[in-house]
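All values reported here derive from a predicted model rather than from experimental measurement.
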Amino acid sequence: MATHLEERGMSEPRLSALVVAHNEEAQLDDCLARLAFADELVVVLDKCTDGSKAIAERHANKLIEGAWEIEGERRNAGIDACSGDWIVEVDADERVPPALAEEIRETVRNGSMGYYLIPFDNYIGDRLVRYGWAAAWGVSATPRLFQKGHKRWGNQRIHPALDLRGPEGRLENRMDHFVDADISEMIQRLDRYTSAKALDLRASGDIGGFGANVRRIFSRFYKCYVARKGYREGHYGFLIALFAGLYPILSYLKARLEDR
């Protein structure tokens with residue numbers, strides 16, 4: 001079978017698709033199947049104990065297995081393994097629709113920016129929730145398509161910082177992101193995120209103060225519910241704003257009160 005590169009000719013830049021996953025057997029097959037438009041598919045499996053490896057082996061050109069404590073380190077390991085001129089990063093709970101795949105290929109052919117933001121359509125269950133995402137509780141757009149060498153992840157366990165080399169562009173078509181199945185999963189995610197953030201705070205030697213984090217409950221709620229128009233999503237918008245507001249104070253209290 002001819003590769004994408006052979007079909008298009010040797011002069012066109014190569015595109016690598018990168019997926020980093022931990023125990024994602026329920027999501028991984030559909031995610032990887034949507035990435036067949038790339039010239040190379042790289043999958044990084046982090047401490048997987050389910051059937052993710054067998055699924056990845058059916059799709060991936062490169063498969064890397066390991067155990068990383070820091071999210072940024074495992075993502076950078078995947079970037080380093082990509083051989084393409086361009087890289088598109090996709091998480092297992094995300095899907096690239098055909099229109100976005102076509103736009104990515106066109107950008108790889110003709111784009112001149114260092115990296116491109118891809119807008120997201122976020123789903124809770126089967127409900128599209130477009131407004132209100134912010135403040136470390138989901139994103140509305142994020143830099144996922146970039147020329148190699150223009151993006152590196154920071155050394156944090158949760159929500160690692162990004163080192164980006166511009167200039168910045170933005171795609172029009174949206175990535176589908178299946179954030180949570182229901183409210184119970186949202187609560188479980190809040191627990192995981194705040195535990196990881198507490199470890200980062202303790203490692204930094206500066207966990208912050210109680211009063212400042214209490215104030216952030218209200219400032220972050222306002223940012224999500226009012227400034228980011230979460231009110232347009234009804235009760236779901238309220239929940240997103242609530243969890244975004246609770247995230248800093250819970251992280252602080254875990255770092256302050258718990259040793260593990």
Quick test of your reading of the model: are D85 and R14 salt-bridged, counting only N-O distances below 4.0 Å? no
Taking C-beta and beyond as the side chain, do L28 and V19 meet within less than 4.5 Å on heavy atoms? yes
Are P160 and E73 close enough that some pair of their side-chain heavy atoms sits under 4.5 Å apart? no
Do Q156 and I70 come within less than 4.5 Å of each other through their side chains, counting heavy atoms only? no
Within 45° of the six-membered ring axis of W137 and under 6.0 Å from that ring's centre, is NZ or CZ of R189 located there? yes
Short question: side chain of S16, backbone of G84 - any donor-acceptor pair under 3.5 Å? yes
Show your reasoning for whether side-chain contact (heavy atoms from CB on, under 4.5 Å) applies to D29 and H59. CA-CA 8 Å; D29 190 62; H59 296 275; 2.8 Å; yes
Could you check whether any side-chain heavy atom of N213 comes within less than 4.5 Å of a side-chain heavy atom of Y247, counting everything from C-beta outward? no
NZ/NE/NH1/NH2 to OD/OE distance under 4.0 Å, R74 and E69: no
M186 versus I124, closest heavy-atom pair with distance: SD-CD1, 3.9 Å
Looking at N122, T142, D91, which hits side chain to side chain donor-acceptor pair (under 3.5 Å) with H177? N122
With respect to Y115, which candidate in Q147, H150, K151, E168 satisfies the side chain to side chain donor-acceptor pair (under 3.5 Å) definition? E168
NZ/NE/NH1/NH2 to OD/OE distance under 4.0 Å, K254 and D191: yes
Please tell me if the side chains of E89 and L145 come closer than 4.5 Å, counting only heavy atoms from C-beta onward. no
N-O pairing of E102 and R105 below 4.0 Å: no
L35 and L41: which non-hydrogen atoms are nearest, and at how many Å? CD1-CD1, 3.9 Å
Do F243 and Y193 have their ring centres less than 6.0 Å from each other? no
Do Y231 and Y131 touch side chain to side chain, with heavy atoms closer than 4.5 Å? no
Working for side-chain hydrogen bond (donor to acceptor under 3.5 Å, both in side chains), residues S204 and D206: CA-CA 5 Å; S204 73; D206 180 13; 6.0 Å; no
Indicate yes or no for a side-chain donor-acceptor contact from R165 to the backbone of G149 under 3.5 Å, with no hydrogens or angles considered. yes
Minimum side-chain heavy-atom gap V88-L15 below 4.5 Å: yes
Verdict with reasoning, K62 to S83, per side-chain contact (heavy atoms from CB on, under 4.5 Å): CA-CA 10 Å; K62 292 181 183 178; S83 64; 4.0 Å; yes
Test your reading of the model: is there a side-chain donor-acceptor pair from D163 to the backbone of R152, 3.5 Å cut-off? no
Does a side-chain N-to-carboxylate-O contact under 4.0 Å join E233 and R130? no
Between R216 and G211 (side chain of the first, backbone of the second, donor and acceptor by atom type, cut-off under 3.5 Å), is there such a pair? no
Verdict with reasoning, T107 to L171, per side-chain contact (heavy atoms from CB on, under 4.5 Å): CA-CA 9 Å; T107 303; L171 302 188; 3.4 Å; yes
Determine whether a donor-acceptor pair (N or O, by modelled atom type, separation under 3.5 Å) exists between the side chain of N23 and the backbone of T49. yes
Test salt bridge (charged side-chain N to carboxylate O under 4.0 Å, His left out) on D182 and R127; report intermediate values, then the result. CA-CA 10 Å; D182 49 33; R127 163 69 185 269; over 6 Å; no
Could you walk me through whether R144 and F120 pass the side-chain contact (heavy atoms from CB on, under 4.5 Å) check? CA-CA 11 Å; R144 291 297 188 84; F120 276 37; 3.8 Å; yes
By side chain to side chain contact (heavy atoms under 4.5 Å, CB included), which residues pair with R34, not counting sequence neighbours? D30, R95
Would you call M175 and P119 a side-chain contact if the rule is heavy atoms closer than 4.5 Å? no
